[in-house]
2 protein chains.
Amino acid sequence: MTAQRRVVAEVLEGEHVHLTADEVHARAVAKLPEISRATVYNTLGELVSLGEVLEVATDKRAKRYDPNAHRPHHHLVCAQCGTIRDVHPTGNPLADLPASERFGFTVSDVEVTYRGVCPTCATP
Amino acid sequence: MTAQRRVVAEVLEGEHVHLTADEVHARAVAKLPEISRATVYNTLGELVSLGEVLEVATDKRAKRYDPNAHRPHHHLVCAQCGTIRDVHPTGNPLADLPASERFGFTVSDVEVTYRGVCPTCATP
DNA sequence: GGCTTAACCTGGACTTTGTCTAATGGATCT
DNA sequence: AGATCCATTAGACAAAGTCCAGGTTAAGCC
C-alpha cells in the first residue's frame, strides 16, 4: 500500500461515483501532484482484478470506474449530460432469457443500462 | 445515394452482424478500394442518426454497428471470443425499474447485455 | 453543352484513450 | 552499507475516432 494507491482509492469513495481514468488522475493529482497517469491506470486495473471496483461502459468513449462493487446494481444514464445513478431494478433479468434464446451459451451475468433525461436537463 | 454509401450499407446486411468501424472499412475497401476511413465514419454516423443502424457498446474498445435496428433486441456476448448474438428476452425490463429508483429521470430506453461463454469456447 | 453551386469524398493531421517500456527511486533484508 | 525487489515516473507508442482543406462529382440552370 503506497501513497499513490491510497490516493486513487480515496478518489473512488462514495455513492454514484463513476469517474473516467483521466478524471481519477486529475483528482489524484490534486492530492498528490507527482502521481503519474501510468500509475493511475495500473492501480485501477489492479482494483478491477481484485473485484473492488467495476468497469462500466455506459459512456461509449472512455471506461468508467464504479467503486460500488459489492452490492450488485445497474445504471441509469442521462442521455444529455451523462450523469449516472446506481439503480436496483426488481426481478432477476437473467431469468428473462429463455433457453431457446441462449444459443448454447453458459450465461453468467447481465448488465442493464437505462437511458433517459435527468430532472436538471428536463427543466428548461 | 452514392457508391460509397451503398457499399457501407451492403456491408452491414444480415442477422447477428456487429462490426466495428474499422471492420466495416476493411470490407468496404474490398468492394470499393478507394473508399476512405473518414467516409465510412461519416456514413455510419448518418445511418445511426437516421435510426437505420444502432451503436452498441458491448466491446469496451471500439463501437460496434448493428443493422438490426427495426426489431428491438438485446445482446449476448461471449466473454472469451467476443461473439455477439441478438437475443429477445421475455418481459419488459423498463417495467422493472420502480419509480422510487428513477430519481426523477424520464426513462425511455433500456439496453441489456448478457455475458457468458459460447459453446465453441466452452468445449476444450 | 457550359457554368454555378452544393454536396460529397479523400488524405492526412490531430485528439483522446489507453498500453508499454526503460530508467529511477524508495523500501526492506541481511 | 550493499543487494534486491517492486512501485513509480516520463515519455513513446498504439488504437479509435474526429476534423479540415482541397479536389471531385453531381445537379440545376441558362
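Each chain gets a letter, A, B and so on, in the order the sequences are listed, and its residues count up from 1. The figures here come from the full heavy-atom set of this structure, side chains too, leaving out hydrogens, waters and symmetry mates.
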- Would you grab the first and last nucleotide of DNA chain D (5' to 3') that comes under 4.0 Å of any non-hydrogen atom in chain A? D:dA7 to D:dA10

- Item | Donor + acceptor pair across side chains of A:His16, A:Asn68 (<3.5 Å) | no

- Message: Could you measure the distance from the CG atom of A:Asp59 to the NE2 atom of A:His75? Nearest 0.5 Å is fine.
- Response: 12.5 Å

- Task: Please go through A:Val24's hydrophobic cluster and name the other residues, only I, L, V, M, F, W, Y counting, with side-chain heavy atoms under 4.5 Å joining them.
- Result: A:Val7, A:Val8, A:Val11, A:Leu12, A:Val17, A:Leu19, A:Val29, A:Leu32, A:Ile35, A:Val40, A:Leu44, A:Leu47, A:Val48, A:Val53, A:Tyr65

- Query: Would you say A:Arg64's side chain and A:His18's backbone share a donor-acceptor pair under 3.5 angstrom?
  - Reply: yes

- Query: Can you name the closest pair of heavy atoms from B:Asp86 and A:Phe103 and give their distance?
  - Reply: O-CE1, 3.6 Å

- Note: contacts of residues 49-68 of chain B with DNA chain C (heavy atom, under 4.0 Å) are none

- Between A:Glu101 and B:His88, is there a donor-acceptor pair closer than 3.5 Å when you use the side chain of the first and the backbone of the second? yes

- Taking A:Arg102 for the side chain and A:Leu97 for the main chain, is one N or O donor matched with an acceptor at less than 3.5 Å? yes

- Note on the structure: Sorted by chain and number, sequence neighbours left out, side chain to side chain contact (heavy atoms under 4.5 Å, CB included) with A:Thr120 holds for A:Cys118

- Item | More than 12 heavy atoms of other groups within 6.0 Å of B:Arg27 CZ | no

- Message: For the backbone of A:Asp96 and the side chain of B:Thr90, can you confirm whether one donor and one acceptor N or O come within less than 3.5 Å of each other?
- Response: yes

- Message: For DNA chain C, which residues of residues 20-28 of chain A approach it to below 4.0 angstrom with any heavy atom?
- Response: A:Ala21, A:Asp22

Pairwise N/O distances under 3.5 Å, protein to nucleotides 5-9 of chain C:
| from | atom 1 | to | atom 2 | distance (Å) |
| --- | --- | --- | --- | --- |
| C:dC8 | O5' | B:Arg5 | NH2 | 3.4 |
| C:dC9 | OP1 | B:Thr2 | OG1 | 2.3 |
| C:dC9 | OP2 | B:Arg5 | NH2 | 3.4 |
| C:dC9 | O3' | B:Gln4 | NE2 | 3.0 |

- Closest approach of B:Gly14 to B:Pro67 (non-hydrogen atoms, all atoms of both residues): O-CG, 3.9 Å

- Indicate yes or no: at least one non-hydrogen side-chain atom of A:Thr58 is less than 4.5 angstrom from one of A:Tyr114. no

